[in-house]
Enquirer: 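Sending over a structure as C-alpha cells; questions will come in a sec.
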Amino acid sequence: MHPGFLRRCVSFAVDMGIVSMCQMLSIVLWSYLGHGTIAPEGGPFLVLLSVWFVLFEGVVPWCTHGRTIGCLLTRMTVESTQRTLPQRLAFHAARTALLHTLTIGLCTWRSPWPFVLGLATVVWWIVCKQMPYDAIGEKRRTAGNPMAGGQSS
C-alpha cells in the first residue's frame with residue numbers, strides 16, 4: 001500500500017518538529033558549555049541542521065525498514081515495496097536528498113533550483129501518484145497485465 005499525500009505530510013511534519021527540537025537543544029547545549037552562540041544564518045547552524053535532518057530522515061528509516069518517528073505515529077512506512085540492498089540505499093539516499101533540498105535547501109540556497117525541483121515533484125506526484133524516489137526498485141506494470149506489479153489504484 002502506498003501512503004497518501006496527507007499521511008506523508010503529517011508524518012513529515014512530526015519528523016521536522018523533532019529535527020527542530022533537536023537543533024534547538026543542540027544550540028542551547030553548545031552555548032551552555034561555553035562555546036559561544038551559533039548564528040542562524042551561519043554555516044555551523046546549517047551543518048548541524050543538516051546532520052539532524054539526515055539522521056532522522058535518512059539513518060533512522062534505513063535502520064527501521066522505512067519507519068521514521070512520524071511514520072510510527074501515522075502507521076506508515078516510507079518503503080512501499082521490497083528492494084534489494086543497493087536499491088534500498090539508492091531509495092533512502094534519493095529520498096533524503098530530495099526532502100533536504102525541498103525543506104532546508106528551499107530556505108537557505110540562493111538559487112531557483114529547489115523551487116524548480118519542488119514543482120517537478122508536485123507534477124510527478126499528480127501524474128504518477130507517488131513520490132519520485134518510490135520508483136526506485138519498483139516493479140513496472142506490463143502492457144495488458146495491470147497486475148504484473150507496481151502501484152494499484
Enquirer: Check whether any side-chain heavy atom of Pro61 sits under 4.5 Å from a side-chain heavy atom of Phe56, and report yes or no.
Expert: no
Enquirer: For a quick test of reading the model, state the closest non-hydrogen atom pair linking Phe91 to Glu79 and the distance between them.
Expert: CE2-CG, 3.8 Å
Enquirer: Step by step, would you call Gln87 with Gln82 a side chain to side chain contact (heavy atoms under 4.5 Å, CB included)?
Expert: CA-CA 9 Å; Gln87 289 171 338; Gln82 291 290 101; over 6 Å; no
Enquirer: Any link between Met21 and Phe45 through a network of hydrophobic side chains (Ile, Leu, Val, Met, Phe, Trp, Tyr) touching at under 4.5 Å?
Expert: yes
Enquirer: Which heavy atom of Leu98 sits nearest a heavy atom of Pro132, and at what distance?
Expert: CD2-CD, 4.2 Å
Enquirer: Would you say Leu25 ends up clustered with Val19 if hydrophobic residues are merged whenever their side chains have heavy atoms under 4.5 Å apart, either directly or through other cluster members?
Expert: no
Enquirer: Nearest heavy-atom pair of Thr74 and Ser11: which atoms, and what distance?
Expert: OG1-CB, 3.7 Å
Enquirer: Looking only at heavy atoms, which two atoms of Ala94 and Ile136 are closest? And how far apart?
Expert: CB-CD1, 3.7 Å
Enquirer: Do Val51 and Leu99 belong together in a cluster built from hydrophobic side chains that touch within less than 4.5 Å?
Expert: no
Enquirer: So, His100 versus Ser50: side-chain donor-acceptor pair below 3.5 Å or not?
Expert: yes
Enquirer: Any Lys/Arg nitrogen of Asp134 or Lys129 sitting under 4.0 Å from an Asp/Glu carboxylate oxygen of the other?
Expert: no
Enquirer: Are Trp30 and Leu49 linked, directly or through intermediate hydrophobic residues, by side-chain heavy-atom contacts shorter than 4.5 Å (ILVMFWY only)?
Expert: yes
Enquirer: What verdict does the side chain to side chain contact (heavy atoms under 4.5 Å, CB included) test give for Trp52 and Ser20, after you've listed the backbone C-alpha separation in whole Å, the side-chain angles of each residue and the deciding distance to 0.1 Å?
Expert: CA-CA 8 Å; Trp52 283 117; Ser20 297; over 6 Å; no
Enquirer: Has the side chain of Arg7 got a donor or acceptor atom that lies under 3.5 Å from a matching backbone atom of Met76?
Expert: no
Enquirer: Before giving the answer on side chain to side chain contact (heavy atoms under 4.5 Å, CB included), spell out for Val78 and Cys71 the whole-Å C-alpha distance, their side-chain angles and the decisive distance to 0.1 Å.
Expert: CA-CA 8 Å; Val78 297; Cys71 289; 3.7 Å; yes
Enquirer: Taking all heavy atoms of Thr68 and all of Asp15, pick out the closest pair and write down the distance.
Expert: OG1-OD2, 2.6 Å
Enquirer: If you look at every heavy atom in Leu48 and Ser26, which pair is closest and at what distance?
Expert: CD2-CB, 3.6 Å
Enquirer: Is there a donor in the side chain of Glu57 and an acceptor in the side chain of His92, or the other way round, less than 3.5 Å apart?
Expert: no
Enquirer: May I ask you to decide if Gly58's main-chain N or O and Arg95's side chain share a donor-acceptor pair within less than 3.5 Å?
Expert: no
Enquirer: Residues in side-chain hydrogen bond (donor to acceptor under 3.5 Å, both in side chains) with Ser111, at least two apart?
Expert: none
Enquirer: Tell me whether Thr77 contacts the main-chain N or O of Gly66 through its side chain, where contact means a donor paired with an acceptor under 3.5 Å.
Expert: yes
Enquirer: Would Met16 end up clustered with Ile27 when hydrophobic side chains under 4.5 Å apart are linked, directly or stepwise?
Expert: yes
Enquirer: Give the intermediate values and the outcome of side chain to side chain contact (heavy atoms under 4.5 Å, CB included) for residues Gln23 and Phe53.
Expert: CA-CA 9 Å; Gln23 174 78 349; Phe53 186 89; over 6 Å; no
Enquirer: Any side-chain heavy atom of Ile126 sitting closer than 4.5 Å to one from Val122?
Expert: yes
Enquirer: OH/Tyr133 to OG1/Thr121 distance, rounded to the nearest 0.5 angstrom?
Expert: 9.0 Å
Enquirer: With sequence neighbours left out, write down each residue that passes side-chain hydrogen bond (donor to acceptor under 3.5 Å, both in side chains) with Trp62, or none if nothing qualifies.
Expert: none
Enquirer: Do Thr101 and Trp113 come close enough that some side-chain heavy atom pair is under 4.5 Å?
Expert: no
